[in-house]
Protein chains: 2
Amino acid sequence: MQSKTPKISEAVVRRLPIYLRYLQHLFDMNIRTVSSHELGQKLDMNPAQIRKDLAYFGEFGRKGIGYEVIYLIEKIKQILKLDRTIRVALVGAGHLGIAISNYNQYLKENLTITAIFDTDPKKVGTSIGAMNIYHLDELSAIVAKQEIEMGIITVPAFAAQEVVNKLVAAGVRTILNFAPVTLKVPANVHLRNADLTTELQSLAYYL
Amino acid sequence: MQSKTPKISEAVVRRLPIYLRYLQHLFDMNIRTVSSHELGQKLDMNPAQIRKDLAYFGEFGRKGIGYEVIYLIEKIKQILKLDRTIRVALVGAGHLGIAISNYNQYLKENLTITAIFDTDPKKVGTSIGAMNIYHLDELSAIVAKQEIEMGIITVPAFAAQEVVNKLVAAGVRTILNFAPVTLKVPANVHLRNADLTTELQSLAYYL
DNA sequence: TAGATTGTTAATCGATTAACAATC
DNA sequence: TAGATTGTTAATCGATTAACAATC
């Protein structure tokens, strides 16, 4: 699949989970086939954009018919690497970290938080659901042992750069940061910011 | 300020809080002046982009000198309407909702959650910090009474469309949605999605 | 067959970056 | 003054949308 991909923009990649989500909804409703036009209406997107996005990865539809729902779900899962288990470390067992950890237990799609890290002695050694809370000093060892590939940062802003450094040193190359600070990472690390504060502040503009 | 703005893209607006955050950091460190070049280095952005973004709203810098930190902070706050109190309603007192509500108590910048809504009789009537939890049926009345202008949705996906309908009916025009579903809103409502699931799923692509 | 819809090329639109005169 | 840096125009780059031949 990835073999014949030219350069896929992040905008395209970020739309794929939205397609996937709606396709799964269609599947649950026993709808077997869908056109880019129908998808576009439901998802508020241009049908040409949907076709173009999918066409980057292969020919998944049938002219005159549309896309077979179950087949397209399979394909998008493959593209997003959601066809295998991906283990995730979460660093920072505060309110937000705990909320995400709990949320994780309901998540499907093979993305699973397997270890939580903190530095608070009162939290280290306890657990949230099936997830143990380890000391941050154990990060590197646990990441290696559990074959963790992704990291989520939910520590306060002042601690975030140190945490991301440790994740990178431990070999984690894909990181979602909730701390309200701009972090520096090497070019081969994929860092995404998902900071609530900046989100709300930018929304205020539209009041 | 807004008077002479042509059309400001969302990309520009979303960068303003990032500038603001770093400027406040500079202020805390007693740095009085900064150039677009320095900002660009620290924030991993192109200096021309920073100058252009700011120039949409006025002439805030001085040629040969740069930008006065304290003045630019004031200006960005004005642009983002963070120079007055903005009251926010949060709907859905689950793990994520509670985490955000707690987080809110540490938030500055005049953005403040003043009411929480849920339908669970066990939660309604209790409170989180200074925020009371009301029944969803009271939404419209409380929004009017407290002059709430913004909404945050942290209910499960199946309930989100109904909640956003009620927020819109109550007059809320700016909404941040954490539920993993595409919502329909009238054109005059500004809805932003901040869904953790799609964020993580799209990141998996880069593994 | 006729109608529908894809995959893809071309056209358009918009956002980012470079360049530089103005000027502190 | 000389060096630095803005504000802004022009150039470039990239993403979205329209159009349509291919074909189910």
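Every chain is numbered from 1, with letters handed out A, B, ... down the list of sequences. Values reported hereafter were calculated over all heavy atoms of this structure, with side chains retained and with hydrogens, waters and symmetry mates removed.
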### Spacing of CG belonging to B:Leu90 relative to CD1 belonging to B:Ile152, to within rounding of 0.5 Å
5.0 Å
### Query
So among A:Glu147, A:Arg87, A:Gln146, which one has a side-chain hydrogen bond (donor to acceptor under 3.5 Å, both in side chains) with A:Thr114?
A:Gln146
### Query
Can B:Glu10 and B:Arg14 be counted as an ion pair, charged N to O under 4.0 angstrom?
yes
### Task
Measure from NZ or CZ of B:Lys75 to the centre of the six-membered ring of B:Phe57 and say whether it is under 6.0 Å with the direction within 45° of the ring axis.
no
### Query
Do B:Leu196 and A:Leu176 have side chains that get closer than 4.5 Å, going by heavy atoms?
yes
### Query
Who passes side chain to side chain donor-acceptor pair (under 3.5 Å) against B:Glu74, sequence neighbours left out?
none
### Message
Counting C-beta onward and ignoring hydrogens, is there a side-chain heavy-atom pair between B:Tyr134 and B:Leu139 closer than 4.5 Å?
### Response
no
### Query
Under a 3.5 Å cutoff on both atom distances, Watson-Crick or G-U, what's the dot-bracket for DNA chain D ([ ] crossing, | other strand)?
..||||||||||||||||||||||
### Summary
With a 4.0 Å cut-off (strictly under) to non-hydrogen atoms of chain B, the first and last hit nts on DNA chain D, 5' to 3', are D:dA4 to D:dT9
#### Entry: Within-4.5 Å side-chain heavy-atom neighbours: A:Tyr103 and B:Leu96
no
Enumerate, atom names and distances included, each donor-acceptor pair closer than 3.5 Å involving a side-chain atom of residues 154-172 of chain B, sequence neighbours excluded.
| residue | atom | partner | partner atom | Å |
| --- | --- | --- | --- | --- |
| B:Thr154 | OG1 | B:Val91 | O | 3.1 |
| B:Thr154 | OG1 | B:Gly92 | O | 2.7 |
| B:Gln161 | OE1 | B:Lys184 | N | 2.9 |
| B:Gln161 | NE2 | B:Asn165 | OD1 | 2.8 |
| B:Gln161 | NE2 | B:Lys184 | O | 3.0 |
| B:Glu162 | OE2 | B:Lys166 | NZ | 3.3 |
| B:Asn165 | ND2 | B:Gln161 | O | 3.3 |

### Query
CG/A:Leu136 to CD1/A:Ile116 distance, rounded to the nearest 0.5 angstrom?
13.5 Å
### Task
Report the C-alpha separation of A:Phe60 and A:Tyr67 in whole Å, then their side-chain angles, then the decisive distance to 0.1 Å, and conclude whether the ring pair (Phe, Tyr, Trp, His ring centres under 6.0 Å) test is met.
CA-CA 7 Å; A:Phe60 302 144; A:Tyr67 299 91; 7.8 Å; no
### Task
Classify the nucleic acid contact of B:Arg62 as base, sugar-phosphate or nothing, counting any heavy atom under 4.0 Å across all strands shown.
sugar-phosphate
#### Entry: Near-strand residues of residues 182-195 of chain B, defined as heavy-atom separation under 4.0 angstrom from DNA chain C
none
### First encountered from the 5' end of DNA chain D, between A:Gly64 and A:Arg15
A:Arg15
### Query
Does B:Leu82 offer a backbone N or O that forms a donor-acceptor pair with the side chain of B:Asn110 under 3.5 Å?
yes
### Task
Using the side chain to side chain contact (heavy atoms under 4.5 Å, CB included) rule, pick out the option among B:His25, B:Arg15, B:Lys77 that qualifies with B:Leu20.
B:Lys77
### Message
Heavy atoms within less than 4.0 Å of DNA chain C: which residues of residues 43-50 of chain B have one? Give them sorted by number.
### Response
B:Asn46, B:Ala48, B:Gln49
